[in-house]
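Reading through the structure tokens given below for one structure.
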Amino acid sequence: MAAAGKAERAAWLRAELERHNHAYYALDAPTIPDAEYDRLFRELQGLEAEFPELLAADSPTRRVGAPPLKEFPPRRHGLPMLSLNNAFAPDEVEAFDKRVRDGLETIATVDYAVEPKFDGLAISLTYENGVFTGGATRGDGITGEEVTPNLRTLRDIPLRLPGTGWPALVEVRGEVLMYRAAFAELNARQRQRGDKEFVNPRNAAAGSLRQLDSRITAGRPLSFFAYGVGAGGDGLAARTHGDLIDQLAAWGFPVAAERAVVGGCRGLLEYFAKIEKLRPALPYDIDGVVYKVNRRDWQDRLGFVSRAPRFAIAHKFPAEEASTEVLGIDVQVGRTGAITPVARLKPVFVGGVTVTNATLHNADEVRRKDVRVGDTVIVRRAGDVIPEVVAIVPEKRPTRDLFGGVPLHPPFALPETCPECGSAVARGEDEAIARCTGGLFCPAQRKQALLHFAARRAMDIEGLGDKLVDQLVDAGLVHTPADLYGLSAETLAGLERMGEKSAHNLVAAIDASRQTTLARFVFALGIRNVGEATARDLARHFGGLDALLAADAAALQAVPDVGPVVAASIAAFLGEAHNRQVIDDLRRAGLSWEEGQPAAAGLQRLAGKTLVLTGTLPTLKRDQAKALIEAAGGKVAGSVSKKTDFVVAGEEAGSKLEKALELGVTVIDEDGLIQLLEKGEGQ
DNA sequence: TTACCTCGAGCTCA
DNA sequence: CTCGAGGTAA
């Protein structure tokens, strides 16, 4: 056969095999005997082996998996993969429908495309000129992990779109999941082989897709359902979401059989009730129902709020609840000394995972629910993930004697001293959270501070995890972050699970962290209310560490997004001699970064000016405005005189405004003040 | 918060 | 083989 003939044969084999594939897997109606399929398959494999140039991206031979990857490369989505807002109750659905109608300025009944919300993992598939070229997980919505070889093994995913009606580039969005029956079979197999079983279909699907060796994925019974499009969607003729799903189905993607189009809020709620009833009979797990405005032009008109579309919502089923027993109530001490009560629970399987801990948030919360040791409680996984104690079961509270009804355990009370260090526990006026006053004297706070310091987004010291920090602090080897830089491999070796190699690696990681950025360093210090973003703002504003160290509360408030609270936190931190010492020690340990110039915002726009505030400003509090003015070098006076340069007037300004008008002093509002601060006079 | 995958390396026993 | 650490997903 001539080379051209071989290419033709290979193309025919690919199309033929995919046709049989689809019939077998998607339609469940085999069109040829397995042996015949295998013969064609091996013929194609042979051709591809002989002529590697014939190995196309859409070849079915690729479905058996490819040699392992080293890692999953990042992959940017053509259009962001957004999340959906959630509704849990009918009134929230009503509110959604109202928002939609308000947004569309219509009083008519809106049609919605509705379908079950699959409980799997969201995936985006890219087709270029009709050929599947890659797919990725959701990731942060902008960039996901590319898991293309794994996705190719899913028979549900067409390697080539039929016909010609597709855009040059189109992203198909959908969910990878595992059928409950397939999950059970997989677990039976795992058990037989002595491998670990998976706890639920979702985790089995996620785990299978995260295999670096796609040949393992090929052996896992994964399914895919398409429910939307990303980039390239505007190149499709579909005018409604329903049409769009039909188009995806025509391309060979599995789509939800239960999908429908309903009218208005009533239609939504009826559909919800129907699916809720159907739920146990469905062959896969779902965690709710998704509603989307059916007309695509209306979807466009409604647009988005921050990271979620306004035209769609997920109506979630109520979280599954289970009852279990409170074994104890511990208190945890956080980095800032925050004392958090945590319920230790008898392990209970609820919502697909085993729950053993549940935060009780704060003392008031425990009081309100009156959770005590020994109580039987109802737990659920709220808002997707965090376990929550819903309520206690009062009649099951253990009593001291059979008929007396005297509870065995007293109401929970926060300890008066920190369980870790014995320092007093204090709670500020109208603050919900109590704090250990021990500061860095408290080992728990010290450990958290060190972990924060070493975190990836801070100093990025790889290999310094909680177990190691525990050991270092408990052995008295490390008291402050600066001590890390004095550690030697010899000191480290000898700690648990610390051999020569590990010790050496850790020292190298610590060493490497010396070269950093000012923003990372400031963030790493763990100042209260100073997160990554604020640390960056501070670094940009002051340019260098010395300028920051010299700043007082007023100067700090000149930094964008820094208000009185954050400024006070920073000032308090820097006011502690101990913290200054640590910063000094760290510098001496050789930490370094490139320093820049202070930002122009530091200019003293109002130097020598006197301003008077009167009335209530729309957004700024009086002392915020004052701090801003002072940070810009201005003075705030109490009364208006001829020497006053500006009067800043807000709502209900009184006599000071009259006086200003009388004396001919310039009157400005809050916007005017902001203008003045940002651009100076002469605007 | 829990479950899962992956890596490196320590531990244990042959 | 087991553990700790680091990463991801919901």
Side-chain angles (χ1 to χ4, degrees), chain A residues 68-75 81 83-84 86 117-124 136-141 143-147 150 175-178 183 186-187 190 194-214 216-217 220 285-288 314 316-317 319-320 332 340 342-345 347-361 379-389 451 454-457 460-472 492-506 508-509:
Chain A
L69 302 170
K70 290 201 75 70
E71 57 175 358
F72 299 123
R75 186 182 172 99
M81 292 183 81
S83 43
L84 293 180
N86 291 325
K117 185 174 194 302
F118 303 105
D119 192 12
L121 15 8
I123 289 290
S124 181
T137 60
R138 217 185 85 85
D140 61 7
T143 307
E145 284 183 316
E146 178 174 352
V147 288
N150 293 357
E175 198 93 348
V176 167
L177 53 83
M178 200 177 281
F183 165 74
L186 172 64
N187 263 359
Q190 295 281 104
D195 287 340
K196 247 191 85 202
E197 291 180 54
F198 296 96
V199 297
N200 60 43
R202 203 199 71 76
N203 282 342
S208 300
L209 208 61
R210 293 194 53 75
Q211 297 284 342
L212 288 175
D213 187 346
S214 53
I216 297 177
T217 312
R220 299 281 174 81
D285 287 346
I286 60 174
D287 57 0
K316 297 281 197 79
F317 296 130
E320 189 196 331
Q332 269 174 3
T340 320
V342 179
R344 304 289 172 204
L345 304 169
V348 58
F349 193 73
V350 51
V353 298
T354 306
V355 170
T356 53
N357 301 307
T359 173
L360 294 167
H361 300 110
V379 296
R380 71 167 168 220
R381 293 211 303 151
D384 269 356
V385 279
I386 317 237
E388 165 182 82
V389 171
L451 279 171
R456 192 163 61 93
R457 315 180 93 99
D460 193 18
I461 301 175
E462 217 184 298
L464 192 61
D466 53 2
K467 296 285 189 275
L468 201 48
V469 166
D470 277 353
Q471 290 192 64
L472 288 169
L492 286 169
L495 293 175
E496 261 173 72
R497 297 207 70 83
M498 256 290 143
E500 230 170 86
K501 180 77 178 161
S502 301
H504 181 84
N505 287 347
L506 182 60

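Numbered from 1 within each chain, the chains take letters A, B, ... in sequence-line order.
Per the geometry, CG belonging to D195(A) stands 14 Å off C1' belonging to dC1(C), to the nearest Å. Rounded to an integer number of Å, the gap from CG of L506(A) to C1' of dC3(C) is 16 Å. In this structure, CG of D119(A) is placed 14 Å from C1' of dT2(B), rounded to the nearest angstrom. Following rounding to the nearest Å, L464(A) (CG) and dG7(C) (P) show an atom-to-atom distance of 13 Å. As a whole-Å value, the separation of L345(A) CG from dT2(B) C1' is 14 Å. Look at CG on L121(A): it is 13 Å from C1' on dC5(B), rounded to the nearest Å. In this structure, F198(A) places its CZ atom 14 Å from C1' of dA9(C), rounding to the nearest Å. Between the C1' atom of dA3(B) and the CZ atom of F183(A) lies a distance of 12 Å, rounded to the nearest Å.
Within the 4.5 Å cutoff, side-chain heavy atoms of P74(A) are placed close to those of T143(A).
Residues satisfying the salt bridge (Lys or Arg N to Asp or Glu O under 4.0 Å) test with D285(A), not counting sequence neighbours, are R180(A). Applying the side-chain hydrogen bond (donor to acceptor under 3.5 Å, both in side chains) test to S124(A) and every residue at least two apart in sequence or in another chain returns R173(A). A search for side-chain hydrogen bond (donor to acceptor under 3.5 Å, both in side chains) contacts involving E197(A) returns R191(A), not counting sequence neighbours. Residues satisfying the salt bridge (Lys or Arg N to Asp or Glu O under 4.0 Å) criterion with E175(A), sequence neighbours excluded, are absent altogether. Under the salt bridge (Lys or Arg N to Asp or Glu O under 4.0 Å) criterion, D466(A) pairs with no residue, sequence neighbours left out.
Between K467(A) and dC3(C) there is no side-chain polar atom (N or O) within less than 4.0 angstrom of OP1 or OP2. Side-chain nitrogen and oxygen atoms of T354(A) include at least one within less than 4.0 Å of the OP1 or OP2 phosphate oxygen of dA3(B).
Of the candidate nucleotides dT2(B), dA5(C), dC4(B), dT2(B) has the atom nearest to the side chain of V353(A). When distances are taken from the side chain of N203(A) to each of dG6(C), dA3(B), dT8(C), the shortest belongs to dA3(B).
Contact annotation for N357(A): backbone-only contact, meaning every heavy-atom pair under 4.0 Å involves sugar-phosphate atoms and none involves a base. Using a 4.0 Å heavy-atom criterion, one finds that A358(A) contacts no nucleic acid atom at all. Across all strands shown, E71(A) has no heavy atoms under 4.0 Å from either base or sugar-phosphate atoms. Contact annotation for G352(A): no contact, since no heavy-atom pair falls under 4.0 Å across all strands.
Between S208(A) and T356(A), the residue whose closest nucleotide on DNA chain B is further toward the 5' end is T356(A). With the nearest nucleotide of DNA chain B identified for both V355(A) and G207(A), V355(A) has the one nearer the 5' end.
Within 6.0 Å of atom CZ in R344(A), more than 12 heavy atoms from other residues, nucleotides or ligands are found, so the atom counts as buried in its surroundings.
In this structure, R210(A) pairs ionically with E145(A), as a charged nitrogen and a carboxylate oxygen lie closer than 4.0 Å.
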Q: Report, as a single string ordered 5' to 3', how protein heavy atoms within less than 4.0 Å touch nucleotides 6-14 of chain B: B base, S sugar-phosphate only, - not at all.
A: SS-BBS---
